[in-house]
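We number each residue from 1, following the sequence as shown. What you are looking at is a predicted structure, and each value in this text was computed from that prediction instead of being measured. The basis for the numbers below is simple: all heavy atoms, side chains too, and nothing from hydrogens, waters or symmetry mates.
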Amino acid sequence: MSAFRFVHAADIHLDSPLRSLALRNPGLAELIGNASRQVFVRIVDLCLDERVDALLLAGDLYDGDQTSMKTARFLIEQLRRLHAAGVRVFIIRGNHDALSKITKELVLPDSVTVFGGRADTVEMLRDRGERPILVHGLSFAKPQAPESLLGKYKPPVEGAINIGLMHTSLDGAPGHDVYAPCSTAHLAASGFQYWALGHIHKRSTTEGACAIVMPGIPQGRDVGESGSKSVTLVSVLDDGSLSLAERVVSMAQFERVAVHASGLVDWRELVTRIESALGEASDRSESDHLVARVFVSGATPLAWTIRRDADVLHAEVESRAEAIGNVWIEKLESDCRKPAIVDPADSADPVEVLRRTMTNEIVASEAFRAEAQIIVDNLLDQLPPECRRVLAPDETGLALLIGQLSKEGSEEVLARLTAGGPDRAR
């Protein structure tokens with residue numbers, strides 16, 4: 001029998017600003033822009049449907065120093081739904097919402113506990129004879145937390161079920177800055193039965209005498225947060241053991257969809273193959289909507305046609321995606337190439353001759369690279385410093401950027417010089 005049940009979620013990032021290319025598609029922008037709210041409603045619905053005792057939110061409920069009263073009203077409405085059903089809510093602040101005015105100024109229902117900058121422990125009221133349930137929490141007092149917070153938590157209470165809420169980067173993860181670093185081994189040896197973590201947007205679980213769970217972000221915001229997203233439903237059994245269940249709540253999931261175009265010579269066949277790949281990805285999707293970044297690759301006579309008429313291909317693929325239903329195209333990329341010529345030096349194709357000249361004589365020359373560097377430097381000077389550092393972090397990075405832009409520019413010229421109009425190419 002289950003003596004105590006709760007839902008553990010983290011990194012909701014309510015009303016997070018869009019970071020992806022979805023901005024270019026109004027319909028997709030609206031879907032992703034509202035998804036964080038819809039997913040939070042789903043989390044509340046899950047709590048009510050499962051009749052849990054508590055909802056644990058392990059940091060970054062908001063995306064920053066939010067002042068929007070629309071966000072505040074929305075949050076209060078959802079917390080009141082939980083309050084009316086007798087569901088307790090426990091919240092800690094993470095690096096993104098450490099300074100949020102909403103949690104500091106809103107009058108929250110009595111059933112909501114927001115832990116402060118000093119570690120505290122709350123005991124759940126239970127019937128006599130039942131094992132005590134204690135929730136330990138500690139919020140970020142400011143956005144930076146360079147040292148481990150584990151030593152600041154109160155010690156576990158012997159004979160009770162001790163549940164800890166912590167926002168931490170653990171041992172570190174790609175794409176995440178270091179916040180309150182803490183090893184999994186130290187958490188496992190803490191004497192707690194469950195650690196409800198937040199911060200890293202990819203799900204991970206460690207089960208055993210101490211369950212350590214990072215549920216991940218419940219709604220991806222770009223292709224870097226691909227896949228279905230979830231929360232964790234936890235049941236504390238009468239004997240003190242735990243049962244964990246992953247519950248997918250994401251409205252839309254981003255996915256990279258690879259399409260191999262090798263050998264294709266017909267435009268319609270290319271579009272059909274992309275449509276088929278999108279359909280298969282949609283069938284695998286666990287969320288309501290699929291947001292796809294399509295990547296077409298391979299050796300095909302259509303290579304330059306694909307590059308030249310990328311906007312036409314994008315429009316056709318969007319039309320096929322719409323026909324599938326609930327499939328959106330976030331971006332279409334191509335790395336197709338023309339089939340290799342057995343002996344390029346003997347080729348009389350004027351486009352091939354031009355390609356060799358551009359590659360071996362023009363782009364490779366010092367004069368061209370010097371002129372290209374001047375142009376690239378002028379463009380970089382017009383960008384914010386953080387963008388410049390991403391594109392060209394050092395001299396080596398600058399050289400790579402110039403080489404990449406020169407290669408793409410050459411291919412663009414060749415694609416537009418390919419014989420035959422668009423209709424003929426397809």
Side-chain angles (χ1 to χ4, degrees), residues 7-20 22-23 26-48 54-85 87-117 137 139-145 165 167 179 196 198-201 215-222 225 229-231 249-254 287-289 291:
V7 168
H8 165 207
D11 302 286
I12 309 293
H13 291 278
L14 279 175
D15 295 337
S16 171
L18 290 179
R19 303 186 303 176
S20 75
L23 282 168
L28 183 54
E30 181 179 3
L31 170 68
I32 302 303
N34 293 326
S36 64
R37 289 195 184 196
Q38 295 182 61
V39 164
F40 192 70
V41 171
R42 283 190 167 188
I43 294 171
V44 172
D45 288 344
L46 175 64
C47 291
L48 300 180
L55 169 63
L56 276 58
L57 299 173
D60 290 354
L61 178 56
Y62 320 110
D63 196 64
D65 186 13
Q66 295 278 10
T67 56
S68 169
M69 290 312 298
K70 290 183 179 180
T71 304
R73 284 195 297 270
F74 167 78
L75 178 63
I76 286 295
E77 289 172 1
Q78 299 308 312
L79 294 179
R80 284 174 178 166
R81 292 177 63 203
L82 294 170
H83 177 76
V87 179
R88 294 289 304 271
V89 180
F90 297 92
I91 301 172
I92 59 171
R93 297 193 301 271
N95 56 295
H96 276 276
D97 57 0
L99 301 179
S100 173
K101 296 178 181 178
I102 290 182
T103 44
K104 292 181 179 179
E105 298 179 0
L106 280 184
V107 178
L108 302 173
D110 294 338
S111 55
V112 178
T113 297
V114 180
F115 289 97
S139 286
F140 279 25
K142 52 187 178 180
Q144 295 77 29
L165 268 168
H167 201 76
Y179 290 99
H199 181 64
I200 297 174
H201 290 183
I217 192 169
Q219 174 57 59
R221 297 170 296 176
D222 58 32
E225 297 171 344
K229 302 301 177 182
S230 59
V231 299
V249 294
S250 47
M251 292 290 299
Q253 67 185 66
F254 287 81
S287 307
D288 301 66
H289 298 263
V291 184

With no hydrogens and no angle check, is any side-chain donor or acceptor of [X] less than 3.5 Å from a backbone partner on [Y]?
X      : Y      : result
Gln219 : Ile12  : no
Asp11  : Gly216 : no
Arg221 : Ile32  : no

Inset, instruction - Quick one: pull up CD1 in Ile92 and OG1 in Thr113 and give me the separation to the nearest 0.5 Å. - result: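 Atom-to-atom, Ile92:CD1 and Thr113:OG1 are 13.0 Å apart.
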Legend entry - From CZ (Arg93) to CG (Leu57), nearest 0.5 Å: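 So the gap between those two atoms works out to 13.5 Å.
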Close side-chain approach of [X] and [Y], heavy atoms under 4.5 Å:
X     : Y      : result
Arg37 : Thr71  : yes
Val41 : Arg81  : yes
Asp15 : Phe74  : no
Ile76 : Leu108 : yes
Val7  : Val87  : no

Inset, instruction - Before giving the answer on side chain to side chain contact (heavy atoms under 4.5 Å, CB included), spell out for His83 and Ser111 the whole-Å C-alpha distance, their side-chain angles and the decisive distance to 0.1 Å. - result: CA-CA 6 Å; His83 177 76; Ser111 55; 2.8 Å; yes
Inset, instruction - Heavy atoms only: give me the nearest Ala196-Ala58 pair and the separation to one decimal. - result: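 Closest approach of Ala196 to Ala58, heavy atoms only: O-CB, 3.6 Å.
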Inset, instruction - Anything under 30° is parallel, anything over 60° is perpendicular, the rest tilted; go ahead and classify Phe90 against Phe115. - result: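 If you compare the ring of Phe90 with that of Phe115, the planes turn out parallel.
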